Structures are given as structure tokens and as C-alpha cells.
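Everything numeric in this text was worked out from a predicted model, so none of it was measured. The figures that follow rest on heavy atoms only: side chains count, while hydrogens, waters and symmetry mates do not.
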Amino acid sequence: MKLEIHAPSGIEVVDLDELSASYSGVVNIGQKCKHVWNTLPLEDETVDPFQCQLIGASGNYKLMHGQNRTECPKGLISPKLVPCNGCTGRCVNVRPGRPKYFQRNPAVPTLLNGNEVGEWGMPISEGDTISLGQVSICIKA
């Protein structure tokens, strides 16, 4: 599968299957930001840094609103930013001997074919369109 990203800055095509394989089946999509690391950074102010994620592999993906992570998205950029230096997300399940579980549900809706994506997500297929603020992402074969 390919993602054809239409943003005010231009059009970009990304191979979703390759990206997913490189990042253990989780592709985090969000605004390009110096404080947050995303697998697929988008240069648009209308997209939240923690906008959404695609989970899956080999043409079988689910779109989730917000991001759930087992690693701190700020710590992936630099350990100097951690802990919680201006972070707008929240960490749960923080106990000795357990990893942090980070999650954030942005205010800007994630839409799939015009329908709002909820916390349980929605499967995507060829021909679908994901809308994130002023950015649209078309799913191609």
C-alpha cells in the first residue's frame, strides 16, 4: 500500500508497507515538531503532533485517532527533553518495573472518508481518504 499525502506544501508518496515493516507495524502520524518524534511527520499547523497512527502490516491496517506508545515520543528525540519538559500528553501505568504507556487524543478529529475515527479505530483499504486538518492522505495500491 502507498500513502499519497496532499498537504499545502505539496504532494508526497510514501510506501506504507516498507514504513510499517521498519517500525514494527506502528506508524505514528503527526505534525513535524521539534519536541515530538513521529514516523511520518507532516509540516502543517492544522495537524496535531500526536494526530493518529496506522497499525498493521502488508496491506492490512487499522487507523487509530491519537497515539498510544510504549516509549516516550520526546525521549526518542533526545533524553535531555525527558522528563515531561512541556509535554502535552499523558503517561499512564507508571510503576517501578513497568514501562510507561503514553497516550494522547488530539482535539483535531481524524476522519476516514468523512467519518470521525473513534478510539477503537477503523480498518483502511485502497481508495480510502484520511483527513487530518488541511492534510488529506489517499490510500493507493
### Message
Assess whether a salt bridge exists between Asp48 and Arg104, defined as any Lys/Arg side-chain N lying under 4.0 Å from an Asp/Glu carboxylate O.
### Response
yes
### Side chain Asp15, main chain Lys2, donor-acceptor under 3.5 Å
no
### Message
Can a donor-acceptor pair be found, under 3.5 Å and without considering hydrogens, that links the side chain of Asp17 to the backbone of Gly59?
### Response
yes
### Query
Is there side-chain contact between Pro49 and Lys32, with at least one heavy-atom pair below 4.5 Å?
no
#### Entry: Heavy-atom check, side chain of Glu45 versus side chain of Gln31, under 4.5 Å
yes
### Query
How far apart are the closest heavy atoms of Pro106 and Gly66, and which atoms are they?
CD-CA, 3.4 Å
### Message
Would Met64 and Val117 count as a side chain to side chain contact (heavy atoms under 4.5 Å, CB included) here? Give the steps.
### Response
CA-CA 7 Å; Met64 309 290 285; Val117 178; 5.8 Å; no
### Query
Would you say His6's side chain and Gln134's backbone share a donor-acceptor pair under 3.5 angstrom?
no
### Message
Is the shortest side-chain heavy-atom distance between Val14 and Leu19 below 4.5 Å?
### Response
yes
### Message
Test side chain to side chain contact (heavy atoms under 4.5 Å, CB included) on Gln53 and Val26; report intermediate values, then the result.
### Response
CA-CA 7 Å; Gln53 62 187 179; Val26 179; 3.6 Å; yes
### Task
Kindly state each residue pair satisfying ring pair (Phe, Tyr, Trp, His ring centres under 6.0 Å) with at least one member in residues 116-141, sequence neighbours excluded.
none
### Task
Indicate yes or no: at least one non-hydrogen side-chain atom of Leu63 is less than 4.5 angstrom from one of Cys52.
yes
### Message
Less than 4.5 Å apart, side chain to side chain, heavy atoms only: is that true for Leu132 and Leu111?
### Response
no
#### Entry: Validation row: Leu54, Leu3 side chains within 4.5 angstrom (heavy atoms)
yes
### Task
Please examine the side chains of Glu18 and Leu16, heavy atoms only from C-beta on, and report whether any two atoms are closer than 4.5 Å.
no
### Task
May I ask you to check whether Asn38 and Gln67 show a side-chain donor-acceptor distance below 3.5 Å?
yes
### Stepwise side chain to side chain contact (heavy atoms under 4.5 Å, CB included) check, Val108 with Thr46
CA-CA 8 Å; Val108 176; Thr46 63; 6.0 Å; no
### Task
For the pair Ser20 (side chain) and Gly56 (backbone), establish whether a donor and an acceptor sit closer than 3.5 Å, ignoring hydrogens and angles.
yes
### Query
Side-chain donor-acceptor pair under 3.5 Å between Thr110 and Glu116, yes or no?
no
### Query
How far apart are the closest heavy atoms of Asn113 and Gly127, and which atoms are they?
OD1-O, 4.5 Å
#### Entry: Close side-chain approach of Met1 to Ile139, heavy-atom, < 4.5 Å
yes
### Task
Decide if the gap between the ring center of Tyr23 and the ring center of Trp37 is smaller than 6.0 angstrom.
yes
### Task
For a side-chain contact (heavy atoms from CB on, under 4.5 Å) with Ile5, tell me which candidate from Val13, Val135, Ile130, Ile11 qualifies.
Val135
### Non-hydrogen atoms of Ser9 and Glu43 that approach each other most closely
OG-O, 4.4 Å
### Query
Do Tyr61 and Asp128 have side-chain N/O donor and acceptor atoms under 3.5 Å apart?
no
### Query
What do the steps show when you test Ile137 against Glu4 for side chain to side chain contact (heavy atoms under 4.5 Å, CB included), and what is the final call?
CA-CA 5 Å; Ile137 302 173; Glu4 189 176 277; over 6 Å; no
